[in-house]
Structures are given as C-alpha cells and as structure tokens.
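One structure is given here, and the rest of the page talks about it.
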Amino acid sequence: MKRFIKFSASLLYVYALLFGISATAANLPSDWQRIQSVEVSTTGLVKIDLPVETLDAARPGLEDLRLYDEAGIEVPYLIERPAQVATVAQAVKAFQVSLTASTTVITLETGLAEPLDGITLETPAKDFIKAVRVESSEDGNRWQTVSQGQPIFSQPDGASHLQISLPPSSSAWLRLTVDDGRSPPVPFTGALVHPAIDKPTPGELISATITERDENPGETRLALGLGAANLSIASVQLETPEPLFMREVSVAFPKVSEDTIREETIGQGTVYRVAVETQMPSQNLSVPLDSLVSSRELFVLIKNGSSPPLPISAVHVERRRVYLVFLARQPGAYHLLTGNAQCDAPQYDLAALGMNLKDVAVSTVRISPPSHNPDFRAAEVLPGLEVTGAALDVSDWKFRKPVKISNDGGAQQIEPDLEVLAHARPGFEDLRVLDGSNQVPYVVQRTSISRALTPTVTQTKDAKDPKLSRWIIKLPQSGLPIARLTCVTRTPLFERSLSLYEELTDERGDKYRRVLGGATWTQTPERQSKEFTLALDGPVQSDTLFLETDNGDNPAIELEKFTVFYPATRILLKAKQGDELFLYYGNPQVAPPSYDLSLVAEQLLTAEKNGASLLAEEQLKGSSWYKNQIPSQGGVLLWGILALVVVVLLFIISRLLPNTQPPAS
C-alpha cells in the first residue's frame with residue numbers, strides 16, 4: 001500500500017512537471033535529419049521499446065533523441081537501459097579436499113545466507129578435463145544431488161572452464177566429487193561462490209551477418225555486420241556443427257584512438273562442446289560482453305592453436321533493450337527525432353524519478369521506420385563533412401596510384417597493396433590522397449587481419465659448415481611490413497634453434513647481418529607441432545630473408561610450405577562519384593598529416609563503406625634524390641660522388657706541387 005501511495009505521488013509530480021515544461025516547449029525543429037511517428041492510443045505514462053533503427057539513427061548515448069507531440073511541443077522523456085545485475089563472487093567460508101581411489105572430494109561451507117547459482121574452482125593445473133557431481137546440504141550430514149556430470153577443464157592454450165552452474169537455492173554446505181577415473185587428480189586450492197541474480201535482464205537475440213572470414217596463423221577472425229550501430233550487446237553466440245571442441249574467443253570492435261581506428265577487445269570467454277563420463281556433450285557457445293557497441297561491426301577472434309579452424313555456421317548477438325518513458329497528455333501521433341551531431345543532451349528533471357518509473361509496463365505502440373525530415377537539407381552520406389583539404393606540393397613524392405571510386409560514392413575503404421606497403425613509410429605518415437591539387441582527408445584503420453603471401457624458397461648448404469641448413473626466402477617486394485613467418489615439416493623427431501635474418505649494406509658499402517627473430521622448435525612423439533611460427537622483431541628492409549639452423553650431428557630437417565603474413569590496414573575517406581583521386585606515397589621526410597576529419601571519424605566508422613580499388617603504380621619524376629636517401633640503404637651514389645671529389649682534389653694537389661727534377665750527372 002505504501003509503495004502504491006509513493007508511486008501515485010510520483011505520478012502527480014510528473015504531471016505537474018510536464019505541464020510546466022510544456023508551456024515553454026519549442027516548435028518542431030529542422031536541424032534533425034530523421035523523424036519517426038509514434039502512435040499512442042492512451043493517455044498517461046507510456047513506455048516504448050526503442051527499435052534498433054532508432055538506435056542506429058541516433059548518437060551512441062542518444063544525446064540527440066527528441067520527442068514532440070502533434071502541436072510541436074517538446075515532450076520530456078526518460079531513457080531506461082536495463083543492465084544485468086552484477087554479482088560479486090566471494091571466497092567460501094571453509095574449503096577441504098580429500099582423495100579417494102578414483103575421485104577428488106571437495107567439501108566446502110559457502111558462508112552465504114542468500115541463494116547461489118554457481119561455484120568456481122581454483123587450480124594451478126593447465127591440462128585436464130573432468131566431470132563433477134555437486135551435492136548440497138544444510139547441516140553437512142544429509143546430502144542431496146543438485147548437479148551431475150558437469151565438465152570442468154583447463155588447457156595449455158588458455159581455454160578453461162572452471163565454473164559450475166547450479167539451480168538457484170540456499171546451501172550452507174556443498175560437496176563436489178571430481179571424477180579422476182580417466183586421468184590423474186589435479187590440485188584444487190580454493191573456490192568462489194556466486195550469489196544468484198533475482199531477476200535476469202531480458203534480451204533480444206538477433207542474427208549477425210558474417211561479412212568477412214580471415215584465417216590468421218592459429219586464429220580465425222570473423223567480421224560481423226550487426227545491421228545497426230549503438231546496440232547494447234550482452235553476449236555473442238556462435239553456432240557450429242563441430243561435435244567436440246574447446247576454443248578461447250575474444251570479441252573486439254573498431255574504436256577511434258589518436259586519429260586512427262583500432263580494434264579494442266571488449267569481451268573474452270571460452271566456447272566448448274565436450275563429453276565427459278557417459279553424459280551427453282555439455283556445451284557453452286556464448287561469450288559475455290555487456291558493452292555498448294557504437295559501430296555496426298564486431299570482430300570475433302577464435303584461437304585455434306594447432307587445431308584446424310572451427311566451422312561457424314551462424315552467429316547471433318543478444319542485445320539489451322532500451323526503453324523510452326514519457327507522459328502522453330493525449331492520444332495521437334508523437335514525433336521521435338534523431339540525427340543531430342551538434343546538439344547537447346537534454347536535461348529533464350524527469351530523470352530524477354527513474355527509480356519510480358521502472359515498474360511501468362511496456363506499451364503497445366506503432367513506431368514507423370526513420371524517414372528523412374522534409375525540412376532538413378538533402379540526404380547525403382556523412383553530411384557536413386568536407387571532402388577536400390589544403391593544397392599540397394607533391395614534388396617530393398616518388399609514387400602515386402589512381403584510386404578507382406565505387407559507383408555509389410560516399411564512404412570509401414581502400415586497402416593498400418604490396419607496392420604501397422613496400423614504398424610507403426611503415427607508419428603511413430607519407431600517405432596523401434589528392435583530388436587535383438587538394439588533399440582529401442582520410443582516417444587510417446588498423447585491423448587484426450593477417451594477409452598471407454607465399455614466397456619463393458630455396459634451400460642451400462654452407463660449404464664451410466656442412467652442419468648448417470639455410471633457406472633463402474625471396475619476397476615479391478622490399479620493405480614489406482612482414483610480421484610473421486610459418487612453415488611445416490615432415491621430420492618427426494628433432495629439436496632445433498632457428499634464426500631469421502636479412503643482409504643489408506651500410507653507408508660504407510659493407511654488408512652486415514640484421515637478425516629479425518629466432519625460436520626453438522621441438523618435435524617428439526608426445527609433442528608434435530608440424531607448423532613452425534616465428535614472429536618478427538622488427539620491420540623488413542630488403543626482399544630476401546634467410547632462415548638458418550645448426551643440425552649438429554643430426555640429419556637435416558625438411559621444411560616446406562613457407563608463408564609470410566603482414567597486417568592489413570585500411571584507409572577510410574569520403575568521395576563523390578566521378579572524383580579523380582590519386583594516392584601519393586614514398587616521401588621519407590614529410591611529417592604525418594593532421595586532418596579535422598578525425599573529429600568525425602566515428603561517422604566514417606559507422607557509415608556503410610564501399611570498396612575503392614588502386615590502379616597501376618606511377619613513378620614520379622619530381623622527387624629530388626638527396627631528399628629521399630634512406631639511412632642504412634647503401635648510399636652508393638653519395639660515396640661515388642665523394643670518391644670523385646677526392647680524385648679531383650688529389651689531381652689539383654699534384655698540379656700545385658713543385659716539379660722536382662733529378663740532378664744532372
């Protein structure tokens with residue numbers, strides 16, 4: 001009764017507040033790009049489940065969302081974002097372990113008076129999978145089974161699952177029996193209990209589109225199209241027909257950071273389908289997130305290790321719903337406005353009553369899809385974004401490529417090819433896009449994609465040291481940003497230390513060895529890793545790499561299927577259909593550009609992007625040789641000129657010396 005009186009008093013306050021605000025509300029504005037119609041059939045408090053189309057059209061924090069009635073009067077509202085209630089796991093009050101012939105028995109006192117729904121075991125072991133039976137008791141004497149055959153595991157590659165789910169209930173004591181019948185026992189050092197959540201937050205499962213699948217060394221990368229931006233994602237759920245597996249999975253999304261778009265990890269977890277004892281396979285295919293994703297894109301990275309890539313048939317995301325609550329003074333049409341990048345977030349006193357309005361039931365209303373405001377300027381991709389920058393003198397640039405814009409224009413995505421990667425600076429500081437003589441601003445997007453190249457490999461032996469095996473790895477270009485090298489072997493048993501290096505020429509013309517990385521590779525019947533992976537310590541300057549190993553008194557190992565990998569980078573910009581753009585690169589002295597475009601990088605990121613392509617490379621003639629000399633690249637011309645100067649000076653000196661004749665006899 002008291003709660004009803006309190007809620008009624010809040011309603012009266014809301015009515016008074018809203019009538020006061022309505023008297024000074026503004027007319028329907030024209031600075032918002034999109035309008036939606038909301039048909040309300042009743043008066044009173046209305047709670048709307050905002051569609052994903054509305055969230056996609058608005059700014060991430062809904063700062064630009066406005067609501068107007070038919071008379072053009074602004075209507076205050078409250079945004080409610082139900083979040084999963086966070087519970088804090090706590091250590092158990094008492095923990096005791098005993099061993100039998102085939103089981104490990106863990107008895108613990110929970111120390112919780114409230115219901116619990118899970119327990120997590122702690123162990124330093126890294127290579128096991130076992131089944132667990134859980135019993136509960138109120139006095140520590142009489143036990144009742146509450147769970148049977150749940151798997152726990154931990155693997156050397158980092159995949160682990162040590163949490164056991166329980167039906168929500170109060171339990172003073174728990175007894176966990178770990179089956180050691182098929183593997184040796186492992187040590188357990190402690191446990192955490194998880195208080196149960198009173199009312200789980202409901203979500204909506206939506207299908208994501210797999211727009212890209214890239215197989216990196218030991219890792220699968222999926223790019224997911226969400227269909228909308230600004231979604232509160234609770235989890236990502238995978239579908240796979242694979243019968244038995246376990247994989248560590250991380251989820252990332254593109255985020256603007258220091259004028260560059262990078263991938264930021266926002267969730268990690270382990271997905272698995274395992275069979276223990278005689279039970280049906282247990283599985284977990286979900287990775288928790290609970291993050292607001294401002295992009296229309298997510299990246300899922302599945303660590304395969306030495307296992308084959310996991311087939312993925314579908315991916316779903318669970319989103320948290322977002323509600324809008326307002327007071328309808330009369331039934332009829334209301335107008336929901338979104339799409340204003342400049343406005344401030346509204347400040348309504350109604351938000352102070354949020355705790356009282358959360359019990360309002362969701363209303364059944366009809367919301368039209370977002371349409372363009374007829375009073376707004378013509379629709380355009382990335383409106384307000386200038387596509388040209390300052391003029392640029394390109395006489396110091398050595399190369400350029402024509403850019404072929406897609407037919408639709410708008411937001412464009414360019415991936416630099418091997419020629420650009422080889423001739424541009426490693427950090428792309430010298431990249432410029434020009435339309436005529438004016439620069440076109442762009443944003444660099446760093447991705448977690450690894451592109452593969454198959455080099456030409458020749459095996460040789462050192463005549464001076466027959467125990468040494470050497471593989472000469474020829475790349476298609478010098479200066480490629482190679483980050484990783486892999487190869488496979490058919491040799492079943494060996495242990496070798498392998499070293500990767502390149503040979504460079506210093507300023508005096510002398511050759512020297514520059515080490516790029518090294519690792520030890522072990523093959524035994526118990527531990528076989530047929531693929532060798534070596535991460536490079538620094539950038540490659542030449543087009544030839546050398547892989548060496550000392551065989552000692554053992555037979556030489558056989559290596560094949562060499563592959564090198566480099567990270568994929570993308571250039572995002574805006575262009576119109578018919579623009580004649582050129583990508584300039586190859587200037588080792590220029591400072592990196594600074595564009596105001598970085599202020600609207602989020603718009604470029606969330607816009608639907610078209611793939612632009614690069615045409616044939618053009619070498620420019622205006623570059624001065626002395627401005628483009630790169631340190632540690634030889635300087636042969638410089639030394640030739642110096643040698644010529646020395647010869648000329650010696651000749652002049654010889655002419656200036658007195659001509660001494662031998663004495664006459």
Side-chain angles (χ1 to χ4, degrees), residues 212 214-219 221 223 252 254 257-263 299 301 397-401 403 413-433 442-457 472-487 499-505 513-519 532-547 562-572 583-593 612-614 617 628 630-633:
E212 283 183 307
D214 296 281
E215 297 299 339
N216 300 333
E219 182 181 75
R221 178 188 185 272
S257 174
E258 298 180 352
D259 297 344
T260 302
I261 300 174
R262 302 182 185 274
E263 296 178 10
F299 307 114
L301 294 96
W397 270 260
K398 298 177 68 175
F399 304 96
R400 76 174 187 178
K401 277 179 176 276
V403 179
Q413 175 178 287
I414 306 171
E415 183 169 324
D417 56 21
L418 294 183
E419 291 178 322
V420 177
L421 296 175
H423 295 147
R425 290 162 61 182
F428 300 115
E429 298 90 347
D430 58 335
L431 286 190
R432 299 293 188 274
V433 181
Y442 65 85
V443 176
V444 175
Q445 181 179 13
R446 310 279 182 176
T447 78
S448 57
I449 300 173
S450 292
R451 299 293 187 207
L453 287 175
T454 302
T456 302
V457 180
I472 303 174
I473 305 167
K474 189 70 173 179
L475 304 175
Q477 296 275 353
S478 298
L480 292 177
I482 304 300
R484 190 182 302 267
L485 177 142
T486 65
C487 58
S499 175
L500 183 71
Y501 65 91
E502 62 180 339
E503 290 185 347
L504 302 178
T505 304
R513 178 179 294 190
R514 178 171 175 266
V515 177
L516 297 170
F532 175 69
T533 299
L534 178 64
L536 275 65
D537 296 333
V540 175
Q541 297 182 24
S542 66
D543 63 351
T544 305
L545 308 181
F546 300 89
L547 184 67
F562 283 79
T563 308
V564 294
F565 297 86
Y566 65 91
T569 302
R570 289 163 178 172
I571 308 300
L572 306 184
L583 177 66
Y584 284 78
Y585 52 97
N587 185 338
Q589 306 298 329
V590 69
S613 56
L614 297 174
E617 182 177 79
N628 292 285
I630 303 175
S632 302
Q633 293 298 305

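Counting from 1, the numbers follow the sequence of the chain as shown. Note that the structure is predicted; figures quoted are calculated from it, not measured.
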With side chains defined as the heavy atoms from C-beta onward, is the minimum distance between [X] and [Y] less than 4.5 Å?
{"X": "V540", "Y": "P481", "result": "no"}
{"X": "S450", "Y": "P217", "result": "yes"}
{"X": "L614", "Y": "V420", "result": "yes"}
{"X": "L453", "Y": "F565", "result": "no"}
{"X": "V444", "Y": "L572", "result": "no"}
{"X": "L421", "Y": "F428", "result": "yes"}

key: Criterion salt bridge (Lys or Arg N to Asp or Glu O under 4.0 Å) on R514 and E502, from CA distance to verdict   = CA-CA 5 Å; R514 178 171 175 266; E502 62 180 339; 2.6 Å; yes
Would you compute the distance between atom [atom1] of [X] and atom [atom2] of [Y] and round it to the nearest 0.5 angstrom?
{"X": "H423", "Y": "L480", "atom1": "NE2", "atom2": "CG", "answer": "9.0 Å"}
{"X": "L534", "Y": "C487", "atom1": "CG", "atom2": "SG", "answer": "9.0 Å"}
{"X": "Q477", "Y": "Y566", "atom1": "CD", "atom2": "OH", "answer": "11.0 Å"}
{"X": "I482", "Y": "L545", "atom1": "CD1", "atom2": "CG", "answer": "7.5 Å"}
{"X": "S613", "Y": "D417", "atom1": "OG", "atom2": "CG", "answer": "10.0 Å"}
{"X": "Q445", "Y": "I414", "atom1": "CD", "atom2": "CD1", "answer": "12.5 Å"}

E215 and R451 ion-paired at < 4.0 Å = no
Backbone N or O of [Y] within a donor-acceptor pair of the [X] side chain at under 3.5 Å?
{"X": "N216", "Y": "S448", "result": "yes"}
{"X": "D430", "Y": "A424", "result": "no"}
{"X": "R446", "Y": "A568", "result": "no"}

side-chain contact (heavy atoms from CB on, under 4.5 Å) partner of I473, chosen from D543, T544, L500 = L500
ask   = Among R400, R432, K401, K398, which one satisfies side chain to side chain donor-acceptor pair (under 3.5 Å) with Y584?
value = R400
Pi-cation contact, Y501 with R513 (under 6.0 Å, within 45°) = yes
inquiry  = Tell me whether R221 forms a cation-pi arrangement with F299, defined as NZ or CZ under 6.0 Å from the six-membered ring centre and within 45 degrees of its axis.
reply    = yes
request  = Looking only at non-hydrogen atoms, find the nearest pair between Q589 and R425 and report the distance.
outcome  = C-NH1, 4.0 Å
